[in-house]
Amino acid sequence: MKRRVGILTSGGDCPGLNATLRGVAKALYERMDDDVEIIGILNGYQGLIDGDWRVMEPREFSGILTVGGTILGTKRTPFKLMRVVGDDKVDKVAAMKKNYKEMKLDCLLCLGGNGTHKTANLLAQEGLNIIGLPKTIDNDIYGTDVTFGFHTAVDIATEVIDRIHTTAGSHSRCMVVEIMGNKAGWLTLYSGIAGGADIILIPELPYTIENVCAAVEKRAKEGKAFSIIAVAEGVYDAEEARMKKKERAAKRAAAGERTATDRIARQIEEMTGCETRVCVPGHMQRGGSPSAYDRVLATRFGTYAAKLVAHEHYGVTVAMVNGHVTENPLEEIAGKSRLVPDGHGMLEVARSMGVCLG
Ligand code: F6P
């Protein structure tokens, strides 16, 4: 009997998804040859709910190592709605279980971030054989030191900060660069350090605008007429940090603010007199070819997942711990996230370089 392995990519895309699909597939075909069939489920869990899938040909996994995005398509299907029956009257969990059975799957591999892992855990608890693979540019999956996609995004955001440096210097301006990351500041912290940002603001450390402006003015006094401020999209100031989530959202909505970035820029200009501009690279940070680091990581994670399939070891997600690829039980990591902890070494590094952290 052929082993039937389902595979899907869910949540926001990122570079390295295709490299991981390829890693899994090539390692499975290498191990099991004709005894394995890979079923591609399209557009994440939505495809599993709708029964949108096809048997993949081995050649479909060739030539995709360097290709950005995902050949399977992806979609955000929020975990909190998985148990909610909507207007379409579809019981999503029942539909996923039914389609898993109809596809005659032996197991299902779910490539995704925190939301994907919560649903993966739900499906495992419903009795399906699930293996997760940790993807996200935010690097915030609990229990793994790194996720694929993160280092490519660091490279892209660093290039943005590099390029902003020259124009900031020419015009003696403050440049506020908004980096992706709603809850976790890893991407801003790493690219901020790699790009030599003067001020780095992350969601884990609420800032005060006074501290930010003091850092700009200190640099000005030292003869440095420009400053680069790397801001995670999810940052809030100390006053907002004391508010409840809903209260904060209402305040932002009333002010017409998407993020704090524009406000920070305006306040810097008002309080220091330094002409200020905003740069939002946005989804560019998730686009294009994966870096060499991410290609290697994706291939390591993919081959490890193939080994888990071969050993029928399910209910786990692949992880990197202290330089070794391993796995964590889904139930231990689902619903948790990995934020930048107080006192983390990278924060110390930033402070040692004289970087203002807000
Ligand atoms: O989770 C990755 C991420 O890029 C976050 O950094 C960002 O907040 C979010 O996705 C953006 O989501 P969307 O692609 O749905 O706009």
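Start at 1 and go down the list; that is how both ligands and their atoms are numbered. In this text the structure is predicted, and so the values were computed from the model without any measurement.
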* Asked: Should the proximity of R286 to ligand 1, defined as any heavy atom under 4.0 Å, be assigned to the side chain, the backbone, both, or neither?
  -> side chain
* Asked: Which part of I137 is near ligand 1, with near meaning a heavy atom under 4.0 Å away: side chain, backbone, both or neither?
  -> side chain
* Could you list which atoms of ligand 1 come closer than 4.0 Å to a heavy atom of G181? => 6 (O)
* List every atom of ligand 1 that sits less than 4.0 Å from any heavy atom of H283, numbering the atoms from 1 in the order shown and giving each element. => 13 (P), 14 (O), 16 (O)
* Structure fact -> In terms of its nearest heavy atom to atom 13 (P) of ligand 1, the top option of E233, K135, R76 is R76
Do the ring centers of [X] and [Y] come within less than 6.0 Å of each other?
{"X": "H151", "Y": "W186", "result": "no"}
{"X": "H117", "Y": "Y142", "result": "no"}
{"X": "F150", "Y": "Y190", "result": "yes"}

Pairs of donor and acceptor atoms involving the side chains of residues 285-301, under 3.5 Å and at least two apart or interchain, shall be tabulated with distances.
unit_1	atom_1	unit_2	atom_2	d
Q285	OE1	M180	N	3.2
Q285	NE2	G282	O	2.8
R286	NE	D13	O	2.8
R286	NE	D13	OD1	3.1
R286	NH2	D13	OD1	3.4
S289	OG	T66	O	2.7
S289	OG	R295	NH2	3.0
S291	OG	T152	OG1	3.2
S291	OG	D294	N	3.2
D294	OD1	G149	N	3.1
D294	OD2	G149	N	3.2
D294	OD2	T152	N	2.9
D294	OD2	T152	OG1	2.5
R295	NE	P290	O	2.9
R295	NH2	P290	O	3.1
T299	OG1	R295	O	2.6
R300	NH2	G323	O	3.4

* Of all pairs that satisfy salt bridge (charged side-chain N to carboxylate O under 4.0 Å, His left out), the ones with a partner from residues 312-335, not counting sequence neighbours -> R3-E312
* Without hydrogens or angle criteria, can the side chains of T261 and E233 be said to hold a donor-acceptor pair below 3.5 Å? -> no
* To do: Give the residue and atom name of whichever protein heavy atom lies nearest to atom 1 (O) of ligand 1, and the separation in Å to one decimal.
  => D138 OD2, 3.2 Å
* Asked: Quick one: does G113 get within less than 4.0 Å of ligand 1, heavy atoms only?
  -> no
